[in-house]
Amino acid sequence: MEPWTIAAIGAGAGLTSLIWYVVRRLSAISQPTVGPAIDPSTRPGKALVLIDLQSDFTRRDGKGAYSRPERARAIAHVNALAADAQRLGEPVIVLRHVWQGWPARLAARLALRGAGNPGRTGLALDPDIQLIEAIDIVKHVGDGFSAPELSAHLERLKVGSLRLVGLDACHCVQLTARGAAARGYKVEILDEAVLASVPADWQALQPKLIAEGIRITSAPVA
């Protein structure tokens, strides 16, 4: 076999390996995490968790963007829920997504025009979100429990029940919900306070989540 043929085969094999590496890394981002189970009897507290409500995502344009009325509706509900939680003395936790690793950053650049990549001003919360005080946690994959700080704060605060709001309902919201439920948390997704880029997919996903013990309820009127 000619040397150039061997080199071409080697290059092809290298490209295939690279593609599979990227696929594996991106697949890991879209799976719920696993972790030790909690003892609910020692966790009487509740917490409100805001997921990925950052300007990079809430105000993104182009394919898969959320409409202004949808964003305004969800944020109004989030603000009402946050005000209620803080009035009751319940913790509010903000999960912010920042892509980590070149496969994820490249995918974000190609599919999301770089939304969520490090260094962007859009990594901050949407300016319409109104919070007095919150615990801020950065995550790098879909499920918020991938950030060890989340479990640590929930343990410290003796929280065993979570209410989830934010985006995207079909991705980071449902992944965080499933990661929480698998650990023994009581989990509730507040429907009017989440955003889904494909509402039909969110409707189709709900029966599966309910079968896993995750409640999907209506948010109070904002």
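On a predicted model such as this, the values are computed, not experimentally measured, just so you know.
Of the possible polar contacts, none joining the H140 side chain to the W99 backbone as a donor-acceptor pair under 3.5 Å is found. For D56 (side chain) and G116 (main-chain N/O), a donor-acceptor pair under 3.5 Å exists by modelled atom type. Proximity of a side-chain donor or acceptor of N79 to a complementary backbone N or O of Q130 within less than 3.5 Å is detected. R60 places no side-chain N or O within donor-acceptor distance of the main-chain N or O of L112, the cut-off being under 3.5 Å. R96 contributes no side-chain N or O that, together with a main-chain N or O of A124, makes up a donor-acceptor pair within less than 3.5 Å. Side chain of D191 to main chain of S218: no donor-acceptor pair is present (N/O by atom type, distance under 3.5 Å, no hydrogens or angles). S146 places a side-chain N or O within donor-acceptor distance of the main-chain N or O of D143, the cut-off being under 3.5 Å. Judged by distance alone, with hydrogens and angles left aside, the side-chain atoms of Q54 form a donor-acceptor pair with the main-chain N or O of H97 at under 3.5 Å.
Considering only heavy atoms from C-beta on, V34 stays 4.5 Å or farther from R183 through its side chain. Inter-residue side-chain proximity for V94 and L131 is flagged as met; some heavy-atom pair is nearer than 4.5 Å. Contact of the R59 side chain with the P127 side chain is registered, since non-hydrogen atoms from C-beta on lie closer than 4.5 Å. The shortest distance between side-chain heavy atoms of R163 and K46 does not fall below 4.5 Å. With contacts defined as side-chain heavy-atom distances shorter than 4.5 Å, the pair R105/P118 qualifies. Two residues are said to be in side-chain contact when any heavy atoms from C-beta on lie closer than 4.5 Å; L50 and V78 meet this criterion. Two residues are said to be in side-chain contact when any heavy atoms from C-beta on lie closer than 4.5 Å; F145 and L175 fail this criterion.
R43 is linked by a salt bridge (charged side-chain N to carboxylate O under 4.0 Å, His left out) to nothing, counting only residues two or more places apart in sequence or in another chain.
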N/O donor to acceptor pairs below 3.5 angstrom from side-chain atoms of residues 208-215, sequence neighbours left out:
{"residue": "E212", "atom": "OE1", "partner": "R178", "partner atom": "NE", "Å": "3.4"}

For a quick test of your reading: what N or O donor-acceptor pairs under 3.5 Å do the side chains of residues 149-161 make, sequence neighbours left out?
{"residue": "H153", "atom": "ND1", "partner": "R156", "partner atom": "NH2", "Å": "3.0"}

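Of all heavy-atom pairs between G144 and L95, the closest is CA-CD1, 3.7 Å.
With respect to Y66, the side-chain hydrogen bond (donor to acceptor under 3.5 Å, both in side chains) criterion is satisfied by exactly one of T58, D168, D61: D168.
Note on L81: it does not cluster hydrophobically with V49, by side-chain heavy-atom contacts below 4.5 Å among ILVMFWY residues.
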